[in-house]
K.L.:
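There's a structure below that I have some questions on.
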Number of protein chains: 2
Amino acid sequence: MGLTKTEIYTDRQNEIASFAKVIAHPARVAILQYLLKHEQCICGTLVEEIGLAQATISQHLKELKSVNLIKGNIEGTSVCYCINLNVYKKIQKLFNELLGRDIKLNNNC
Amino acid sequence: MGLTKTEIYTDRQNEIASFAKVIAHPARVAILQYLLKHEQCICGTLVEEIGLAQATISQHLKELKSVNLIKGNIEGTSVCYCINLNVYKKIQKLFNELLGRDIKLNNNC
DNA sequence: TAGGTATATTGCAATATTACGATTAACTAA
DNA sequence: TTAGTTAATCGTAATATTGCAATATACCTA
């Protein structure tokens, strides 16, 4: 136990959950917001901006990279991170399918 | 440690992360999809549909209720669950701010 | 080559999550 | 009142997440 039973869900359900998990931490939300505003950044800037240890920020960047939401280009001693547009758009689409409905209440709840 | 430092983030960042966390499990995605399709349901139906133990489904429903994304009305021996439209719309808005941007790539990444 | 800078990785402790059996609570019907 | 139904809660085991110090890696410059 303690392990999600991924095999009983559809690929799409697992995919949505995976992307949501990446966004499910305020530090990673903060990183995404920073990248949306400034287009690119290096790890050190985020350490100053957010106020977590360098190891911790590096770990959060790794999770964002794990679903390819961001990508990093090595530039000398530092790494320039930016949003991966294709994956960003994919998440947009997936989330919109689940959360973008125009619901009407016809039930008695 | 092992505890998120919520105090260093904005309320909005924490809010987005909290809502994302609720969606960050395929069982809860499946529950939401079921509710979007059928408008309402009882716990027992989800147990059959999804294939997890009753206690587990009840726990997932509790998490969806914890952010008021769903609400439950007691109807005899069972509980009728449905989506809370106001909160659904709020999540729509919050996620759209973060993920609904029309980004253009002007950087060299 | 040696020292400095930037990031990733490792190891660890604290806490959270997932899942389920067993039990409890609350209502319904015989 | 008693038995059956439905859902919530409790307790527990397994695993995942968060955060950081310490260390490793990689590159740049003098």
Side-chain angles (χ1 to χ4, degrees), chain A residues 1-9 13-14 17-31 34-35 40-67 70-82 109, chain B residues 1-9 13-14 17-31 34-35 40-67 70-82 109:
Chain A
M1 292 135 224
L3 187 63
T4 301
K5 291 180 157 184
T6 48
E7 71 278 7
I8 67 171
Y9 307 103
Q13 286 165 345
N14 285 315
S18 295
F19 283 129
K21 189 177 279 180
V22 163
I23 297 165
H25 193 288
R28 296 195 288 269
V29 172
I31 291 171
Y34 189 92
L35 281 175
Q40 55 187 44
C41 73
I42 60 171
C43 178
T45 309
L46 295 170
V47 172
E48 288 173 33
E49 279 286 323
I50 296 174
L52 290 173
Q54 181 268 320
T56 310
I57 294 290
S58 192
Q59 208 173 336
H60 284 302
L61 286 168
K62 194 180 178 183
E63 291 196 60
L64 288 164
K65 265 189 295 181
S66 76
V67 295
I70 63 170
K71 51 187 174 181
N73 283 69
I74 297 166
E75 289 188 1
T77 51
S78 60
V79 178
C80 178
Y81 285 101
C82 65
C109 275
Chain B
M1 292 135 224
L3 188 63
T4 301
K5 290 180 154 182
T6 49
E7 71 279 7
I8 67 171
Y9 307 102
Q13 285 164 345
N14 284 316
S18 295
F19 283 129
K21 188 176 279 180
V22 163
I23 298 165
H25 193 287
R28 296 194 289 270
V29 172
I31 292 172
Y34 189 92
L35 282 175
Q40 55 186 46
C41 71
I42 60 170
C43 180
T45 310
L46 295 171
V47 172
E48 287 173 35
E49 279 286 323
I50 297 175
L52 290 173
Q54 182 267 321
T56 310
I57 294 290
S58 193
Q59 209 173 335
H60 284 303
L61 286 168
K62 194 179 178 183
E63 289 195 61
L64 288 164
K65 265 190 294 181
S66 76
V67 296
I70 65 170
K71 53 187 174 182
N73 283 70
I74 298 166
E75 287 189 2
T77 51
S78 60
V79 178
C80 177
Y81 284 102
C82 65
C109 274

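Lettering of chains follows the sequences in order, A, B, ..., and the numbering in each one begins at 1. Note that this is a predicted model, so its numbers are computed, not measured.
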K.L.:
Just how far, in rounded Å, is P of C:dC20 from NZ of B:Lys62?
P.N.:
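The answer, rounded to whole Å, is 17 Å.
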
K.L.:
Taking atom CD1 of A:Ile8 as the centre, does the number of heavy atoms from other residues, nucleotides or ligands within less than 6.0 Å exceed 12?
P.N.:
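Yes, enclosed.
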
K.L.:
Which heavy atom in B:Thr4 sits nearest to a heavy atom in A:Pro26, and how many Å separate them?
P.N.:
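What the structure gives for the nearest pair is CG2-CG, 3.8 Å.
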
K.L.:
I need the CG-P distance between A:Asn73 and C:dA8, as an integer number of Å.
P.N.:
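Distance check: A:Asn73 CG to C:dA8 P gives 12 Å.
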
K.L.:
Starting from the 5' end of DNA chain C, give me the residue, B:Lys21 or A:Lys5, whose nearest nucleotide shows up first.
P.N.:
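Of the two residues, B:Lys21 wins.
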
K.L.:
Between B:Ile70 (CD1) and D:dA7 (P), how many Å, whole number?
P.N.:
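To the nearest whole Å, that distance equals 12 Å.
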
K.L.:
Report the distance from atom CD1 of A:Ile31 to atom P of C:dT7, rounded to the nearest whole Å.
P.N.:
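After rounding, the reported distance stands at 12 Å.
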
K.L.:
Which nucleotide, D:dG19, D:dA7, C:dA8, lies nearest any side-chain atom of A:Val79?
P.N.:
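Given the options D:dG19, D:dA7, C:dA8, the side chain of A:Val79 is closest to C:dA8.
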
K.L.:
D:dA8, C:dA8, C:dT18: which one has an atom nearest the side-chain heavy atoms of A:Thr4?
P.N.:
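Of the options given, the side chain of A:Thr4 lies nearest C:dT18.
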
K.L.:
Using atom names, set out every protein N or O paired with an N or O of nucleotides 26-30 of chain C below 3.5 Å, distance rounded to 0.1 Å.
P.N.:
none

K.L.:
Which heavy-atom pair separates B:Cys41 from B:Leu35 by the least distance, and what is that distance?
P.N.:
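The answer is SG-CD2, 3.7 Å.
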
K.L.:
Less than 3.5 Å apart, which donor and acceptor atoms pair up between the side chains of residues 47-65 of chain B and the rest of the protein, not counting sequence neighbours?
P.N.:
unit_1  : atom_1 : unit_2  : atom_2 : d
B:His60 : ND1    : B:Arg28 : NH1    : 2.9
B:Glu63 : OE2    : B:Arg28 : NH1    : 3.1
B:Lys65 : NZ     : B:Tyr81 : OH     : 3.4

K.L.:
Without decimals, in angstroms, what is the distance between A:Glu63 CD and D:dG19 C1'?
P.N.:
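Rounded to the whole Å, the gap is 12 Å.
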
K.L.:
Would you tell me if any nitrogen or oxygen in the side chain of A:Tyr81 comes within less than 4.0 Å of OP1 or OP2 on C:dA6?
P.N.:
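So the side-chain polar atoms of A:Tyr81 never come under 4.0 Å of the phosphate oxygens OP1 or OP2 of C:dA6.
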
K.L.:
It should be established whether A:His25 places a side-chain nitrogen or oxygen under 4.0 Å from OP1 or OP2 of nucleotide D:dG19.
P.N.:
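Checking A:His25 against D:dG19: at least one side-chain N or O falls below 4.0 Å of OP1 or OP2.
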
K.L.:
D:dG19 phosphate, OP1 or OP2: any side-chain N/O from A:His60 under 4.0 angstrom?
P.N.:
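Checking A:His60 against D:dG19: at least one side-chain N or O falls below 4.0 Å of OP1 or OP2.
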
K.L.:
Contact list please: residues 51-59 of chain B against DNA chain C, heavy atoms, distance less than 4.0 Å, in numerical order.
P.N.:
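Those residues whose heavy atoms fall under 4.0 Å from DNA chain C, taken from residues 51-59 of chain B in numerical order, are B:Leu52, B:Ala53, B:Ala55, B:Thr56, B:Gln59.
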
K.L.:
If you check the A:Ile42 side chain, which of C:dT7, D:dA8, D:dT18 turns out closest?
P.N.:
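For A:Ile42, the side-chain atoms sit closest to C:dT7.
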
